[in-house]
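Since the model is a prediction, treat every value here as computed from it, not as a measurement. Starting from 1, each residue takes its place in the sequence as its number.
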Amino acid sequence: MADLAGKKVLALVTNRGVEQDELKIPTDRLRGAGVQVTVAAPESGDVQTLVGDWDLGEKIPVDTILADVAEADFDLLLVPGGTLNADNLRLDVDAQRIVTAFTTSGRPVASICHGPWLLVETGLVKGKTLTSYISIKTDVENAGGTWKDQEVFRCTAEGYPLITSRNPGDLDPFIGAIEDELAQ
């Protein structure tokens, strides 16, 4: 495992509905590699995760609220999925501001499962090639992106690196790609 001390990752979520493993496993693994991971949500308190979009999962503490995020302080943006999480996050003006700031500055975004809905909503998949949960394939294509069925895909088109994966089964290669990106 690479030593990534000094790197900072912002995990962008809502307070309810993020897929537990898509937030918890990358956060734990990155922290274990020395990365400072900040969990940001619309409200302070906890994030109520879900397992399989249905069963209650663990509660994860919120480190900061979206409105207070200084996006320039972070090296990489992590956008986990979970249908409820992603559907609400894509309509949040602070989340839109944050993802747009990352992409326009050329900093990497890593998103899994339904997470790319935020990029669809903000027009940031146009010209990009990515993967996601199969149910948002049409949304990606309608927004001008090219969809691939791969466990992880990294695209550098349109001026920013985008790392995407399909679902929790792809977490190992997804996190590996994030670690590689941070090590550059």
Trainee: Can you list the steps and then say if Leu130 with Lys148 is a side chain to side chain contact (heavy atoms under 4.5 Å, CB included)?
Mentor: CA-CA 6 Å; Leu130 62 147; Lys148 285 188 166 288; over 6 Å; no

Trainee: What I'd like to find out is whether the side chain of Val13 reaches to under 4.5 Å of the side chain of Leu78, using heavy atoms alone.
Mentor: no

Trainee: Please step through side-chain hydrogen bond (donor to acceptor under 3.5 Å, both in side chains) for the pair Asp63 and Thr38, ending with a clear verdict.
Mentor: CA-CA 6 Å; Asp63 298 311; Thr38 300; 5.0 Å; no

Trainee: Do any N or O atoms from the side chain of Asp53 and from the backbone of Thr83 form a donor-acceptor pair under 3.5 angstrom?
Mentor: yes

Trainee: Can you check side chain to side chain contact (heavy atoms under 4.5 Å, CB included) on Val47 and Arg16, steps first, answer last?
Mentor: CA-CA 6 Å; Val47 172; Arg16 183 178 174 88; over 6 Å; no

Trainee: For Cys155 and Thr129, work out which heavy atoms get closest and say how close.
Mentor: CB-O, 3.1 Å

Trainee: Of Thr100, Val79, Val140, Val99, which is the lone residue that meets side chain to side chain contact (heavy atoms under 4.5 Å, CB included) with Leu119?
Mentor: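 In the set Thr100, Val79, Val140, Val99, the residue that makes a side chain to side chain contact (heavy atoms under 4.5 Å, CB included) with Leu119 is Val99.
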
Trainee: Assigning hydrophobic clusters by single linkage (Ile, Leu, Val, Met, Phe, Trp, Tyr; side-chain heavy-atom cutoff under 4.5 Å), is Leu118 placed with Trp147?
Mentor: yes

Trainee: Compare every heavy atom of Cys113 with every heavy atom of Ile136, then report the nearest pair and how far apart it is.
Mentor: CD1-O, 3.9 Å

Trainee: Could you check if a side-chain atom of Val109 sits within less than 4.5 angstrom of a side-chain atom of Ile163, using non-hydrogen atoms only?
Mentor: no

Trainee: Does the Asp68 side chain pair with the main chain of Thr64, one donor and one acceptor, at a distance under 3.5 Å?
Mentor: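 No, the answer is negative, given that no donor and acceptor are paired below the 3.5 Å cut-off.
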
Trainee: What closest approach, in Å, do Leu30 and Glu179 show between heavy atoms, and which atom pair accounts for it?
Mentor: CD2-CG, 3.9 Å

Trainee: Does a salt bridge link Glu181 with Arg154, judged by any charged N lying under 4.0 Å from a carboxylate O?
Mentor: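 Salt bridge present between Glu181 and Arg154.
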
Trainee: If I compare all heavy atoms of Val69 with all of Ala40, which pair ends up nearest, and what's the gap?
Mentor: CG2-CB, 3.8 Å

Trainee: Nearest 0.5 Å, please: how far is CZ in Arg90 from OG1 in Thr14?
Mentor: 12.5 Å

Trainee: Run through Asn85, Leu89, Asp87 and flag the one making a side chain to side chain contact (heavy atoms under 4.5 Å, CB included) with Trp117.
Mentor: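 Answer to the side chain to side chain contact (heavy atoms under 4.5 Å, CB included) test with Trp117 among Asn85, Leu89, Asp87: Asp87.
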
Trainee: Enter the distance from Asp92:CG to Glu121:CD here, rounded to the nearest 0.5 Å.
Mentor: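 It comes to 11.5 Å.
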
Trainee: So which atom in Gly106 and which in Pro161 form the shortest heavy-atom distance, rounded to 0.1 Å?
Mentor: O-CD, 3.4 Å

Trainee: Hey, could you give me the NZ/CG distance between Lys8 and Leu77, rounded to the nearest 0.5 Å?
Mentor: 15.0 Å

Trainee: Is any side-chain N of the basic residue among Lys24 and Asp21 closer than 4.0 Å to the acidic one's carboxylate O?
Mentor: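 No.
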
Trainee: Below 4.0 angstrom, N of the basic side chain to O of the carboxylate: do Asp149 and Arg166 qualify?
Mentor: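 Yes.
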
Trainee: Can you check side chain to side chain contact (heavy atoms under 4.5 Å, CB included) on Lys7 and Gln36, steps first, answer last?
Mentor: CA-CA 6 Å; Lys7 296 294 183 175; Gln36 179 185 327; over 6 Å; no

Trainee: Can you check whether Val39 reaches Pro61 side chain to side chain, under 4.5 Å on heavy atoms?
Mentor: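 In short, these two side chains do not touch, never coming nearer than 4.5 Å.
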
Trainee: Closer than 3.5 angstrom, by distance alone: can the side chain of Arg107 be matched with the main-chain N or O of Glu71 as a donor-acceptor pair?
Mentor: yes

Trainee: For a quick test of reading the model, state the closest non-hydrogen atom pair linking Pro108 to Asp75 and the distance between them.
Mentor: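 That would be CD-O, 3.3 Å.
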
Trainee: Between Asn15 and Asp46, is there a donor-acceptor pair closer than 3.5 Å when you use the side chain of the first and the backbone of the second?
Mentor: yes

Trainee: Are Phe102 and Ile112 connected in a single hydrophobic cluster, I mean Ile/Leu/Val/Met/Phe/Trp/Tyr linked by side-chain heavy atoms less than 4.5 Å apart?
Mentor: no

Trainee: Measuring from His114:NE2 to Glu19:CD, what's the distance to the nearest 0.5 Å?
Mentor: 10.0 Å

Trainee: Mind checking whether Leu76 and Phe74 sit in one hydrophobic cluster, side chains of I, L, V, M, F, W, Y counted as touching below 4.5 Å?
Mentor: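 No, because Leu76 and Phe74 fall into different hydrophobic clusters, even though each may have its own neighbours under 4.5 Å.
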
Trainee: Is any side-chain heavy atom of Thr164 less than 4.5 Å from a side-chain heavy atom of Ser132?
Mentor: no

Trainee: Hey, are Arg29 and Asp172 close enough for a salt bridge, meaning a charged N less than 4.0 Å from a carboxylate O?
Mentor: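 Salt bridge between Arg29 and Asp172, a charged N being under 4.0 Å from a carboxylate O: yes.
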
Trainee: Please say yes or no: joined through hydrophobic side-chain contacts below 4.5 Å, possibly via intermediate residues, are Ile25 and Val35 part of one cluster?
Mentor: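 Yes, it is one cluster - the side chains of Ile25 and Val35 are joined through contacts under 4.5 Å.
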
Trainee: Output yes when a side-chain donor or acceptor of Ser165 lies under 3.5 Å from a complementary backbone atom of Asn167, and no otherwise.
Mentor: no

Trainee: Out of curiosity, does Phe153 fall in the hydrophobic cluster containing Phe174 (side-chain heavy atoms, cut-off under 4.5 Å, transitive links)?
Mentor: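 Phe174 does not cluster with Phe153.
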
Trainee: So Val152 and Thr131, side chain to side chain contact (heavy atoms under 4.5 Å, CB included) or not? Walk me through it.
Mentor: CA-CA 7 Å; Val152 67; Thr131 192; over 6 Å; no

Trainee: Rounded to the nearest 0.5 Å, what separation is found between the CG atom of Leu124 and the CD atom of Gln96?
Mentor: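 Answer for the CG-CD pair, Leu124 versus Gln96, is 9.5 Å.
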
Trainee: Is it the case that the side chain of Gln20 and the backbone of Thr49 share a donor-acceptor pair, with hydrogens and angles ignored and the cut-off at 3.5 Å?
Mentor: no

Trainee: Any cation-pi pair here, Lys128 with Tyr160, using under 6.0 Å and within 45°?
Mentor: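 Positive - Lys128 is close enough to the ring of Tyr160 and near enough to its axis.
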
